[in-house]
Amino acid sequence: MLSGVLGGVLFHWLGGLASGSFYVPYKAVKKWSWEVYWLAGGFFSWIIAPWIMAGLLTNDLIPVLREGLSANPKACCLGYLFGMLWGIGGLTFGLTLRYLGMSLGMAVALGICTVMGTLIPDVYARTIIENIQSQPPYCVILLGLGVCLLGVIIAGFAGMSKEREMPAEEKKAAVKEFNFTKGILIALVSGFFSACMAFGIQAMEPVAEIAAEHGTGDLWVGLPKLCVILLGGFTTNFLWCLYLMLKNKTLYQFGTTTIQDPDQPGQTVKVNYLSNLFFSALAGTTWYFQFFFYSMGETRMGEYKFSSWTLHMASIIIFSSLWGLVLHEWKGSSRFTKALLGIAIGTLLYSTIVVGYGNLMKEISAEPAAAVAVEAVEGEAAAQAVSEAINQANATLDDLLEEGAAIEQQLEETVEEVLEETN
């Protein structure tokens with residue numbers, strides 16, 4: 001088993017590979033409507049895979065969750081609620097890839113997610129101005145977020161350039177339902193709500209502590225948390241997909257091999273049901289493994305834990321961009337447009353480095369304050385110990401004086417008795 005920072009980096013990159021690759025198997029699903037194969041994959045990513053992996057790798061999964069619900073119901077409810085909100089982000093993330101493709105969709109959505117995930121806690125706490133004035137590292141982090149937004153804007157220009165240059169046939173061949181305007185708007189929603197995953201993980205920390213008390217190794221204590229959070233995500237996606245299936249009359253596709261041909265209205269076509277189910281399951285399970293490896297990576301980063309999110313975002317952008325090239329999503333666009341995409345991806349990667357550096361500065365600046373606090377506590381404890389020692393010494397001296405007085409009195413009585421006998 002890999003340990004230390006090197007193992008943590010590898011786990012984060014495996015998580016990025018899973019996240020950057022999960023949508024690829026969906027390309028092999030034929031003729032099913034989007035809501036059908038998205039929900040089919042969702043059963044595996046949000047229900048089946050989390051419970052199987054947590055059941056295999058942790059101790060007493062059901063008792064741990066039951067104990068967590070009874071001991072800290074607020075934490076579990078918040079985890080489920082944030083999971084539902086994150087589910088909106090996951091749902092719209094899938095729509096972003098549907099309308100923008102792998103490379104452009106990932107770049108825009110993850111860039112926005114990085115910004116939102118960093119700023120939302122401080123916006124909620126109303127501490128942005130205070131942090132800017134009192135914490136220089138916070139300014140560096142904001143600079144990194146500004147660079148990230150710049151990368152998103154450049155990626156947007158690349159998308160608009162692609163939309164102008166590529167013939168409609170080639171756009172549809174690369175990304176079947178390419179729609180730049182709709183994709184960008186959905187990406188904004190996705191980035192905002194996807195940040196709720198971090199809040200859910202933080203809220204469910206008491207459950208991880210209970211898992212550790214039941215003997216689960218530190219590498220796996222985060223898995224029970226995912227069972228609750230992803231259940232919330234499944235709820236949102238299930239309700240939306242069910243609505244679409246009823247609206248579009250596609251629910252029947254789950255139970256038949258002959259469906260209405262979406263490309264030729266009025267015609268029917270046979271589909272390979274097992275093949276579609278297999279690739280949907282593969283996509284869903286792959287998506288789950290981004291969280292699986294991310295939780296493992298965090299436990300191995302030690303003092304470099306601040307860089308976990310940076311590594312995760314950077315690796316997703318890299319792998320999704322490579323998949324975009326492999327799938328020829330930018331085939332037919334000019335060198336200028338491809339250069340814009342490359343600059344956008346490079347800018348986004350650079351922004352994650354700046355944000356990571358800002359977090360490192362925050363960690364370093366916090367160490368002296370922590371050391372002073374420790375010294376103050378140690379000094380107070382030492383003073384208290386000296387005071388107790390003095391009090392103990394005084395008490396001992398009093399006891400000795402009393403014993404001395406008693407001995408002196410006994411000696412005087414003895415001397416008087418001896419003198420009386422002598423007389």
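Values below: every heavy atom of this structure, side chains too, minus hydrogens, waters and symmetry copies.
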For the OH atom on Tyr252, are there more than 12 heavy atoms of other groups (residues, nucleotides or ligands in this structure) within a distance under 6.0 Å? yes
Ignoring hydrogens, what is the shortest heavy-atom contact between Asn237 and Gly90? Give both atom names and the distance. OD1-C, 4.4 Å
State, yes or no, whether a side-chain contact exists between His214 and Glu67 at a heavy-atom distance under 4.5 Å. yes
Min side-chain heavy-atom separation Ile62-Trp51 under 4.5 Å: yes
For Val207 and Gly68, which heavy atoms make the closest approach, and how far apart are they? CG2-CA, 4.5 Å
I'd like to know if the side chain of Asp261 and the backbone of Val269 have a donor-acceptor N/O pair within less than 3.5 Å. no
Could you tell me whether the side chain of Tyr288 reaches within less than 4.5 Å of the side chain of Ile48, counting heavy atoms only? no
Evaluate the ring planes of Tyr37 and Trp34, with Trp represented by its six-membered ring, and classify them as parallel (under 30°), tilted (30 to 60°) or perpendicular (over 60°). perpendicular
Would you sort out whether Phe292 and Leu57 count as a side-chain contact (heavy atoms from CB on, under 4.5 Å), showing the intermediate values? CA-CA 11 Å; Phe292 177 82; Leu57 298 173; 3.7 Å; yes
Whether Trp86 and Trp46 hold their rings parallel, tilted or perpendicular, with breakpoints at 30° and 60°: perpendicular
Quick one: does Asn72's side chain have a donor or acceptor within less than 3.5 Å of a partner on Pro206's backbone? no
Would the distance check show the side chain of Ser19 and the main-chain N or O of Gly15 forming a donor-acceptor pair, the cut-off being under 3.5 Å? no
State whether the side chain of Gln253 and the backbone N or O of Ser33 hold a donor-acceptor pair below 3.5 Å, judged by distance alone. yes
Please check: side-chain N/O of Ser190 versus main-chain N/O of Ile186, any donor-acceptor pairing under 3.5 Å? no
Intermediate values then yes/no, side-chain contact (heavy atoms from CB on, under 4.5 Å), Phe254 and Val36: CA-CA 7 Å; Phe254 271 121; Val36 173; 4.0 Å; yes
If you round to the nearest 0.5 Å, how far is NZ of Lys225 from CZ of Phe291? 13.0 Å
Looking only at heavy atoms, what is the nearest atom pair of Thr236 and Gly87, with distance? CG2-C, 4.0 Å
Should the pair Phe238 and Phe43 be assigned to parallel (<30°), tilted (30 to 60°) or perpendicular (>60°) ring geometry? perpendicular
Heavy-atom closest contact (Leu39 atom, Met245 atom, distance): CD2-CE, 3.5 Å
From the list Val64, Thr58, Leu56, side-chain contact (heavy atoms from CB on, under 4.5 Å) partner of Leu223 resolves to Thr58
Please lay out, stage by stage, how Tyr350 and Thr347 fare under the test side-chain contact (heavy atoms from CB on, under 4.5 Å). CA-CA 5 Å; Tyr350 179 68; Thr347 303; 5.6 Å; no
What is the distance from atom CG of Leu226 to atom CG of Leu231, rounded to the nearest 0.5 Å? 12.0 Å
Does the side chain of Leu230 come within less than 4.5 Å of Met197's, by heavy atoms? yes
Ring centroid separation His12 to Tyr294 under 6.0 Å: yes
Taking atom NZ of Lys31 and atom CD1 of Ile259, what is their separation to the nearest 0.5 Å? 8.0 Å
Go through Trp38 and Leu91 one step at a time and tell me if the side-chain contact (heavy atoms from CB on, under 4.5 Å) criterion holds. CA-CA 9 Å; Trp38 184 256; Leu91 174 66; 3.9 Å; yes
Using modelled atom types only, decide if a donor and an acceptor are shared between the side chain of Thr257 and the backbone of Lys270 within a distance under 3.5 Å. no
Heavy atoms only: give me the nearest Leu78-Ala203 pair and the separation to one decimal. CB-CB, 3.9 Å
Measure the CG-CZ distance between Asn272 and Phe278 for me, rounded to the nearest 0.5 Å. 11.5 Å
What distance do Cys241 atom SG and Leu251 atom CG have between them, rounded to the nearest 0.5 Å? 11.0 Å
OG1 (Thr92) and CH2 (Trp240) are apart, to the nearest 0.5 Å, by 11.0 Å
Might you point out which heavy atoms bring Asn276 and Ala28 nearest each other, and give the distance in Å? OD1-O, 4.2 Å
Hey, what's the ring geometry for Trp32 with Tyr273, parallel, tilted or perpendicular (30° and 60° as the breaks)? perpendicular
Can you check whether Phe44 reaches Ser280 side chain to side chain, under 4.5 Å on heavy atoms? no
Count the heavy atoms belonging to other residues, nucleotides or ligands that lie under 6.0 Å from CZ of Phe336, then report whether that count exceeds 12. no
Plane angle bin for Tyr26 and Phe22 - parallel if under 30°, tilted between 30 and 60°, otherwise perpendicular: perpendicular
